[in-house]
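Heads up: the structure comes next, in structure tokens.
Being a predicted model, the structure only gives us computed values, none of them experimental.
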Amino acid sequence: MVYLQMRKRVEARPGQVLRVVDVTRLMAEKDADVLDQLPVARFTRDQGNYMVIEWMEVVRVIREHDSTLDIRGIGQPYTIVEQKAKTRVPAGLYVAIVWILLFIGSGLAIMNFHTDVSMKEVHQRIYYLLTGVHHPRPLLLQIPYSLGIGLGMVLFFNRLFKKKFNDEPSPLELEVFLYQENIDQYVIDHEKDKDRRKVPDGFS
């Protein structure tokens with residue numbers, strides 16, 4: 001008896017031979033190590049950035065090795081293979097560039113919003129209603145308001161640097177997850193029917 005569970009997404013280099021262990025989680029009563037090393041496909045450059053390997057392709061490879069095995073599938077019937085990106089720029093530089101862009105962009109967005117809604121005049125009016133005094137810079141309201149924006153963003157995204165306050169996903173994490181799910185579904189719908197893969201023979 002052999003149980004196969006296809007991995008959801010894996011990374012591979014161009015020219016890499018993908019074996020059973022690379023695209024599945026396999027559990028077998030015997031010869032599991034041998035089955036894990038069976039070659040399934042080669043990821044070539046002309047296939048683009050993605051390739052889809054279906055459960056039946058893995059079954060065919062295992063059947064060719066031993067036709068007496070009883071193979072059972074668990075979970076989704078495919079694995080998405082993504083080309084492993086070559087990062088020439090250090091990750092820290094990427095983080096710094098993204099941080100600067102987000103900082104400037106979010107700052108401009110907040111300032112433009114405050115200008116559109118006349119936030120300064122609103123604070124002046126609220127300060128007058130509370131104290132009866134006209135003040136051009138009501139810092140008593142503006143400072144807590146500014147701190148509240150930062151605290152609100154921290155609570156909204158449920159993260160302060162690497163620390164999360166609880167296990168609930170933040171709205172940004174949910175959006176990224178949904179975006180990745182849509183990409184995966186697109187790849188499955190448009191790539192699995194393209195027979196551009198070459199099943200390797202006699203790889204060491």
Hey, quick one: are [X] and [Y] part of the same hydrophobic cluster, counting side-chain heavy atoms closer than 4.5 Å, chains of contacts allowed?
X: Leu38; Y: Val23; answer: yes
X: Ile149; Y: Val117; answer: yes
X: Val81; Y: Val59; answer: yes
X: Met56; Y: Ile53; answer: yes
X: Tyr50; Y: Tyr179; answer: yes

Between [Y] and [X], is there a side-chain heavy-atom distance shorter than 4.5 Å?
X: Val52; Y: Val187; answer: yes
X: Ile97; Y: Leu93; answer: yes
X: Val21; Y: Asp33; answer: no
X: Leu18; Y: Met51; answer: yes
X: Phe43; Y: Gln83; answer: yes
X: Arg25; Y: Arg7; answer: yes
X: Leu102; Y: Val98; answer: yes

How far apart are the closest heavy atoms of [X] and [Y], and which atoms are they?
X: Gln16; Y: Ala12; value: OE1-CA, 3.4 Å
X: Leu139; Y: Pro144; value: O-CD, 3.7 Å
X: Pro136; Y: Lys120; value: O-CE, 3.6 Å

Inset, instruction - Assert yes or no for the condition that the ring centre distance of Tyr128 to His123 is strictly below 6.0 Å. - result: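 Not close enough - the centres of the two rings lie 6.0 Å or further apart.
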Rounded to the nearest 0.5 Å, how far apart are [atom1] of [X] and [atom2] of [Y]?
X: His114; Y: Met111; atom1: NE2; atom2: CE; answer: 10.5 Å
X: Asp66; Y: Asp31; atom1: CG; atom2: CG; answer: 7.5 Å
X: Arg125; Y: Leu130; atom1: CZ; atom2: CG; answer: 11.0 Å
X: Glu175; Y: Leu178; atom1: CD; atom2: CG; answer: 5.5 Å
X: Ile74; Y: Met27; atom1: CD1; atom2: CE; answer: 6.0 Å
X: Tyr127; Y: Arg137; atom1: OH; atom2: CZ; answer: 12.5 Å

Counterpart residues, salt bridge (Lys or Arg N to Asp or Glu O under 4.0 Å), relative to [X] (two or more places apart):
X: Lys8; answer: Glu181
X: Asp70; answer: Arg72
X: Glu64; answer: Arg60

Inset, instruction - I would like to know whether Asp22 and Arg19 meet side chain to side chain contact (heavy atoms under 4.5 Å, CB included); could you show each step before the answer? - result: CA-CA 5 Å; Asp22 297 323; Arg19 304 179 187 276; 3.7 Å; yes
Inset, instruction - Start with the C-alpha gap between Glu57 and Glu54, add the side-chain angles, then the distance that decides, and say whether side chain to side chain contact (heavy atoms under 4.5 Å, CB included) holds. - result: CA-CA 5 Å; Glu57 298 178 61; Glu54 296 185 343; 3.8 Å; yes
Legend entry - Passing candidate, side chain to side chain contact (heavy atoms under 4.5 Å, CB included) with Leu35, options Thr24, Val2, Leu4, Val58: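 So, applying the side chain to side chain contact (heavy atoms under 4.5 Å, CB included) to Leu35 and each of Thr24, Val2, Leu4, Val58, only Val2 qualifies.
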Legend entry - Criterion side chain to side chain contact (heavy atoms under 4.5 Å, CB included) on Met6 and Tyr78, from CA distance to verdict: CA-CA 6 Å; Met6 302 295 291; Tyr78 51 79; 5.6 Å; no
Inset, instruction - Please say whether more than 12 non-hydrogen atoms of neighbouring residues, nucleotides or ligands are located less than 6.0 Å from CZ in Arg63. - result: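 Correct, the count exceeds 12.
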Legend entry - Other residues, nucleotides, ligands: >12 heavy atoms within 6.0 Å of Tyr145 OH: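 Atom OH in Tyr145 is packed in, count exceeds 12.
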Inset, instruction - Start with the C-alpha distance between Ile62 and Ile71, add both sets of side-chain angles, then the distance that settles side chain to side chain contact (heavy atoms under 4.5 Å, CB included), and finish with yes or no. - result: CA-CA 9 Å; Ile62 296 177; Ile71 305 173; 3.6 Å; yes
